[in-house]
Every structure is written in C-alpha cells, then in structure tokens.
Amino acid sequence: MDSYNPKEECNTQFSRLAGIFADQHNNLYVVDSNNARILKFSESFEFVSKWGEFGVFPGQFNQPIGIAVDPQGIAYVTDPGHNRIQLFTPKQFEDGKAIIVVGRKGESDKLWEASQLLSNFAYFTLIYQGFTKQNIHYLMDEKAAENSDQSDNNNKQDDNVKKESSDVDGNGKADDIDGPPTQENIRKAITEWAKADNPQGHLTLYLVDHGIEGAFVLSDSDSERLQVTDLSQWLDEFQATGNGTVKLIYEACYSGSFIKPLAKPKRLIVTSADKEETAKIHNTGISFSYFFWNSILYGANIGEAFTLAYDHVLAGKSEQTPQLETTGDHEGNSETDHQLAQNYWIGNLNTPTDHQLPEIISVSPEKIDTDALQVDMEVNVKISDSPVAKVWAEIRPESGVSPYSPSGTLVKMPSFELLPTGERERGEEQRYTSSIPFKEAGTYSLVIYAQDQSRNIARPKTVSVQINHPYRDRAVLVVTSKSKNAVPMADKAYQVLRSLGYQSEDIYYLSNHPSQGVTASLNRKNLDFAFTEWGQEKTQDWLIYWVGDERGPFSTKSVLNWIKQAESNSLGNMLIIDDRPSSNELYSALQSLKIPEGRLRIFIGSPFSPDKKTSLSWVLWGNLMNWGGQVSEALLKIKSQNEYLDLDIPSEQLPLFFWGTEEQLVLSDKSVEPYKDYYIGSGMVIATVEEPLLGNEPEISQPSYSEGETVKIRVPQLVDEDWSQAVVIMLPDKKLFAAKGLNQFSPFAITDDPYNFPLWPPSAGELVFEGAVGKEILKKGQYKVFLLHSPTEDLPFRNSLLPSQTLIQKSFEVK
C-alpha cells in the first residue's frame, strides 16, 4: 500500500495509545487504537504521516494494538479485531487511478444485486492491490444501494453472500460512492479527475451491468447510455498528454462490441463476451469478471487473470467467449494479446500470496446415464485457508436457451445445494452429497461449484447427464370465447411456454380461432382426447389454462373430471390457471378433489372480462417469462404491479385462490414459501434490456383542463429503429383510450382491443396527439398517460401494461 503519504494536518490527539515503536532511524510509530490509525513522527517528534481508519478492508483496522517496523521499512500491525496482522510497505504506488461504473436499469433490473456485488468486489480488490479511496472514483446509484441493503428483495441472494450497501469499506461512513452513473460524470471522471495528480498516467476502468451493441446501459433513463464512440473520445483525451496505460474490464452482454472502436496501443481491453454474445451474470455475483478480480486480488497479472476467468466460464458451460485485446490490432484473443498481457498487473506489481483456494477434488458419478429423474451426487472439496461456505450444482440443458426466449443476460439457472456429510476424509477434504432432481428427459450439463467464506470459488467441474425418463411435462391451452378477444391471451401463453423450453408437441392448444400453435378446434371430443389419450402418454407435470369471456360449452363437473383424469395419469404436479367467468365454480369444485400424496396442485383463478384493460393471467404470463417460470415469484410480482398500475383486479381475486393444499392461502412471502422451488419449463431467467433509445419525455400541454379545452400530447421521435411506441390514456373509470391519430388534430378513441394498441415506428417522427375534453374525455378526475414501447418484431409479449414496459407515466386532471 502507498501508506506513508503525509497529511496537511498534524493530529497529536490520541484515544487509547496502544503501542509505540522506534525504527532504526529513530522515527516513532504510534498506534492510536480507538481511532483505528497509525501515526508516524520524526526523531524530533514532528508529524510525518498517518494511515488507517475503522473498517474491514486492507489499511483499515479494528482496535489495532501493536506495530513493528523492519530494516526495510516494512510495517507490521496487529489488528486483533479482525484476527490478522497487516503488512505495509513504504514503496510508492505507481498504477495511477481507477474508475468503477455500475449501471442499473431501473427497479426491474434483475442484474442489480449481482452488479453491485461485483463492483464492490472490484473496489475491495483495488484497495487490496494498493489503490486508496482517494484514487478510486466509484459511480453507482447510491440511493438504490442503500435501499437494497435495507429491503428484503424477492431476488434473494445466497445466505453466505453478505449484502453490500453504499458503505463499501465498512468504516461506518457513506464516503465511498462519488456520484451516480451518468454520461457526464463518466466524462469528467476520465478527462478531468483521472488526469489530475496522476504522474504515471495509468487508468483502470471497470464497467458492469447491462450492455447493448455499442453502448453500456447506465440507468433507466433512455438518454443515459455510455456510447462506445463517446468513451473512445474521452480515453483519447485522457491519453493525449501522457504515456500511461488504460486497462478496461467490461462485464455485460455484447461487451465485445467495444473492442474494435477502442483498441489502440497502450490499451488492454478485457470483455466478458464477444460482440454478438449475451453474458451470464449469476444472481449471486458469479460471472467472468468475478473470477478475473479474484485472480487480481491474489497477485495474478492480467494475462493470468483473463485465462483463469476464461477457463471458469468454459467450465461453467456459459455460452460466451471472453475477449482480450492488448496489441491495438482490433482483434481479440491472439497469441500476442495473451503474451503482452503477461507483463501487466492491476495495482502493486506481482503482489505475492500463499492463499490456498478451494478445490473440487472429485465428483461422483463422473458421467450419468439414467432412466430416473433424480441423481445422487457426491462431491469432495479440498478445504482452503477459509472454510467452505457452500457447494451447489447448476443444471443447464445442452440445448441452451429456447429460440423463443428474449435475448439478454442469463442470470439464473435451476440450482441445488449439496450438504456436508459431517465427515472429513483424507484430512483436508470434506464430502458433500445431494439428490439432484431433473424436470424431464434430455441431455444436460451438471455444473458443480464450491465457494469458501472469503467468497473464493473453486474451478467448476462439469458432469454430463443423460436423462432417459419417458415422462415429460405437458400443457393444455383452451380458448372458450366465441369472439377473438381471448386469443391474444392464449397466444401469449403459448409463446411464453415455448420460451421456457416447452416443445410444440407437448402443448395441446384448443381454439376455434386460427392462430399460431393451435392444435385442434375446441369441442368435447378433442378435449377428451387431450386429457385421456394424449395425456396418458407418460406425463410428468400438467399445466392447464382456460381463458375466455364465456365459461364454454362444458359444465364445471366435466372440467373437474378432465382434471381428475389428467392428475391420475401423471406422476408430477399440476398448475391450473382459470381465466373465465366461472373460475369461482371450478375452485369450489376442486376442493372436493383430493390431491395425490406427495404432489402439488396450484390453482390460480381470475374471471376474464373483455372490458378490462388487462387480467391477472395476462400479467401472470409475462411474469412467468421474466422469472424463468417460477410461479411464486410471478405471483408476488403481480401484487406490486397491481398497486403500481392500478390494474383494477379486485383484492379478492388477487391472486384469486392460490391453492396448494386443501386450504385457500393468502398471497404473501410466507404462503408461497412451500412452492418457491416449483417452476414450469427450464427454470432459466433472462434479464433483458427492454427500453428503446428515446429522445425526450412526452409533453402534456397543461396539467388540468376544463370541458371544451383540447388535450395535447407531444411524443418525441424514437431514435432506435428496432422499436415502436404507443400512447395510451387511462380514464378515471379505468377505460382506455388509444392514440389512433398521427400528427394531426385527431381525437383519441376507446380501444376495442386492450392487448394490441396502435404502434408508431421511428419513421413516424415526432407524434402529436390531440383530443377534446367533452367528447371522448367526459368524466372529472385524474387521467394517466402511458408511453409504451414494443420491439418492431411482432412479439406476443408486447403492450401488456407492466412497469418494466412502461417508459413514462404522466397525468393530467379534468376539472
């Protein structure tokens, strides 16, 4: 550490003087224990320097009590509050400055917890490698960091991974974050802050969170994107007057798209994925850059750290190719790139360490080929300097993510913890065992991880698994409406199931309206076939979805018999989603139907009504996609969405009968706890960047209106050609207006299709919509204005009124 920098002030006030040491030059070192610091005085008792404060990081103390300095000037400080001795060298730190930028795509950002863990780990590593708080510039949404530290987030982290807050170094002060992650703050940090008091001219830059091609996502504001063209210009300005090196570590989807525009001599660029690849950032923070920083922490050079992290990514079966570019030739991963990277470190050069990392010694069996849906695993882990905190297995289908899934970062896979047996074998090894369940037949990779209490992770081991079990999950979708108003609901269900890994042959879609995926028309004969002959073909879990503004030509008794038949012909669990006016009747009837022992039956009902702007199941399908088919998380999310958007779903229908036992349950964290491990489909969770690039916010000409006045809404032009947008007004009585006029004096009209609003592409330019109060807008009260967006491609997930898809919400009042 660069520890002996003199301060301007001369502090001679001590609190509990715990130790004094005189070196060979008669300099005095004083241990000021209660103030957690060391002070150095000359032979004539003049103040020279001081270092230390309360905290857990290197250079911080908890009640230090003693110090000794050897002839080389190396100081050894006993820090009993942390059970350690810290060593400080008097050498000058020569690696310049560092900037950390962690993005956050709003409250719906599934990467936020992981990104915060990663950025704080990078901060810790930089401190350990000799950077001080003064030469690290940390840009983060500080308010979000404080909230994540206090809240019980549904996206729960591992119990062994401590939640971080804006007090990164644990000194009791929120003095680590230097500002929010904005373009202007990044520009100033690179072109002004990093250039000042930096004689070596070196800069380390770490970016982490969502990425799109050619841009890093900074926040939920559409204008806040770090464009690679801007970053290139700022780095050119930083390096224009010096001979220093820039080291960029970028963890995000499509991060490789930064290599070609940024590559130059004296720049080392490390990215977690190639230019056309998405990345995997596990929700506990495990990712490419975690392994990279972990290697840097223990003294590896950049080449060694990259290689180790690269190998971890391959071993973990992540479908991404990390890139290293050091030569300035715009092409990554050449032999020369790797050779040159061996000569560069981050922080103190080649800091030695004898720290032992955990190691997975053996996995048994090493290859699995079975007819069962459950596999017994045994793992032996070599215990490192720090005790093992957790060993777990992650299931990854060899087929990868379904082509129906949205693109984005893969943040979660089905995982299961292995528990210690309590037996130590061969002295340094600990045995862990578990029975790992699989959903259905297929080819899988079972990736085994081990992590110690210092958060070091062993190199993963992969087991090839072939499950030959003849049973598989099935779904029946039934549209009971004579009109087409329920078809978008069923289409969405079909697409979500496909995105979650269901094969088309495992979905029986019954409807009298032509649509993609429809298997047969709706009649009693086809329903009988679906639940008897088709359903008897070795079914594991059942999913049954009824939707329509009519109960259909079938009695509740008939439906109950079909469900009974399906349940008797399956081995697994059953999820029933009933979005019909008669859902109450089916719920009551199901209470008399005994649940097979050892199984789950979950019933979700919501009377469908075409005059409502949405329904519970419409929102549910979107949430199931967003949460990887995890039913409990999808239901809990609906609870907050109902409050956010005033979905007008009566409280007694929310989530209208969540039933897993013979009793009706109240929707809460506690009530869904028994079902937290139940999911439909593959269990993969994709974190997508759903916002298009937008110019400015929409403008409403005035906040309140009287009868006869004209409401005028101006919407800026989209600057992203891959997106379209819609404008919707919600009346006080919950009816919807859709903007059907384009750039003209045209009134809004009540939409006749609440699931497909008129979309305007970027080519439409700036949009101006006007409507007269007293025509369509009649009632007094508050009117909500939503600006929605959708991919230009006709995806079935578009235009459901969800917070993650609502860019702007403004309102005006009619007096």
### Message
Walk me through whether Arg396 and Thr462 qualify under side-chain hydrogen bond (donor to acceptor under 3.5 Å, both in side chains).
### Response
CA-CA 10 Å; Arg396 185 178 183 89; Thr462 302; over 6 Å; no

### Query
Between Ser511 and Leu522, is a side chain to side chain contact (heavy atoms under 4.5 Å, CB included) present by the stated rule, with each step listed?
CA-CA 5 Å; Ser511 175; Leu522 176 62; 5.9 Å; no

### side chain to side chain contact (heavy atoms under 4.5 Å, CB included) between Glu633 and Tyr679, intermediate numbers included
CA-CA 10 Å; Glu633 293 287 1; Tyr679 58 90; over 6 Å; no

### Task
Please step through side-chain hydrogen bond (donor to acceptor under 3.5 Å, both in side chains) for the pair Arg580 and Thr480, ending with a clear verdict.
CA-CA 8 Å; Arg580 301 176 301 153; Thr480 62; 5.4 Å; no

### Message
For Gln495 and Gln516: C-alpha separation, side-chain torsions, deciding distance, then whether side chain to side chain contact (heavy atoms under 4.5 Å, CB included) applies.
### Response
CA-CA 9 Å; Gln495 295 287 351; Gln516 180 186 12; 2.8 Å; yes

### Message
Applying side chain to side chain contact (heavy atoms under 4.5 Å, CB included) to Lys492 and Met489, what does each step give before you reach the verdict?
### Response
CA-CA 5 Å; Lys492 184 174 185 178; Met489 308 275 284; 5.9 Å; no

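Atom CD1 of Ile281 and atom CD of Glu251 lie 4.0 Å apart (nearest 0.5 Å). Distance check: Thr532 OG1 to Glu537 CD gives 10.5 Å after rounding to the nearest 0.5 Å. With rounding to the nearest 0.5 Å, the separation of OG1 in Thr370 from CD in Gln466 is 10.0 Å. The line from CZ of Phe554 to CG of Asn523 is 6.5 Å long, rounded to the nearest 0.5 Å. With rounding to the nearest 0.5 Å, the separation of CG in Leu527 from OG in Ser558 is 9.5 Å. Rounding to the nearest 0.5 Å gives a distance of 5.5 Å between CG of Leu560 and CG of Leu593.
The two residues Gly628 and Leu500 make their nearest non-hydrogen contact at C-CD2, 3.8 Å. In plain terms, the two heavy atoms of Tyr509 and Val487 that are nearest each other are OH-O, 4.0 Å. Between Ser434 and Glu417, the shortest heavy-atom distance links the atoms OG-O, 3.4 Å. Nearest heavy atom pair, residue Ala566 against residue Trp542, reads O-NE1, 2.9 Å. The heavy-atom pair separating Ala372 from Ile467 by the smallest distance is O-CG2, 3.5 Å. Looking at every heavy atom in both residues, Val518 comes nearest to His513 through CG2-O, 3.8 Å.
A 4.5 Å side-chain heavy-atom check between Phe529 and Leu510 finds every atom pair outside the cut-off. Side-chain contact between Leu575 and Ile604: present, with at least one pair of heavy atoms (C-beta onward) separated by less than 4.5 Å. Residues His469 and Lys538 have side chains not in contact (no heavy-atom distance under 4.5 Å, counting atoms from C-beta outward). Ser483 places a side-chain heavy atom less than 4.5 Å from the side chain of Asp549. A heavy-atom distance below 4.5 Å is not found between the side chains of Asp579 and Leu620. Within the 4.5 Å cutoff, no side-chain heavy atoms of Ile507 are placed close to those of Thr519. Looking only at side-chain heavy atoms (C-beta outward), Gln320 and Phe288 come within less than 4.5 Å of each other. Val375 is not listed as a side-chain neighbour of Val463, based on a closest heavy-atom distance of 4.5 Å or more.
No salt bridge links Arg599 with Glu567; every basic N to acidic carboxylate O contact stays at or beyond 4.0 Å. Residues Arg472 and Glu505 are not paired through a salt bridge, judged by the lack of any N-O separation under 4.0 Å between the basic side chain and the carboxylate.
Checked by atom type, the side-chain pair Asp578/Ser583 shows no donor-acceptor distance below 3.5 Å. Judged by distance alone, the side chains of Thr443 and Glu398 never bring a donor and an acceptor atom under 3.5 Å apart. Using modelled atom types, one finds a donor on one side chain and an acceptor on the other under 3.5 Å when comparing Trp562 with Asp528. Side chains of Arg474 and Ser570: a donor-acceptor N/O pair is absent below 3.5 angstrom, by distance only.
Taking the ring axis of Tyr444 as reference, the NZ or CZ atom of Lys439 does not stay both within 45° of it and closer than 6.0 Å to the ring centre.
Under a 3.5 Å cut-off, the side chain of Arg104 and the backbone N or O of Asp209 do not form any donor-acceptor pair. Without hydrogens or angle criteria, Thr539 side chain to Gly535 main chain gives a donor-acceptor distance under 3.5 Å. Here the side chain of Ser115 pairs no donor or acceptor atom with the backbone of Trp112 at under 3.5 angstrom.
Residue Asn573 is tested with Leu543, Asp541, Asp473, Ile680 for a side chain to side chain contact (heavy atoms under 4.5 Å, CB included); the sole match is Asp541.
For Tyr449 and Trp392, the distance between ring centers is under 6.0 angstrom.
Note on ring orientation: taking the six-membered ring where Trp is involved, the planes of Trp534 and Tyr508 are tilted (angle from 30° to 60°).
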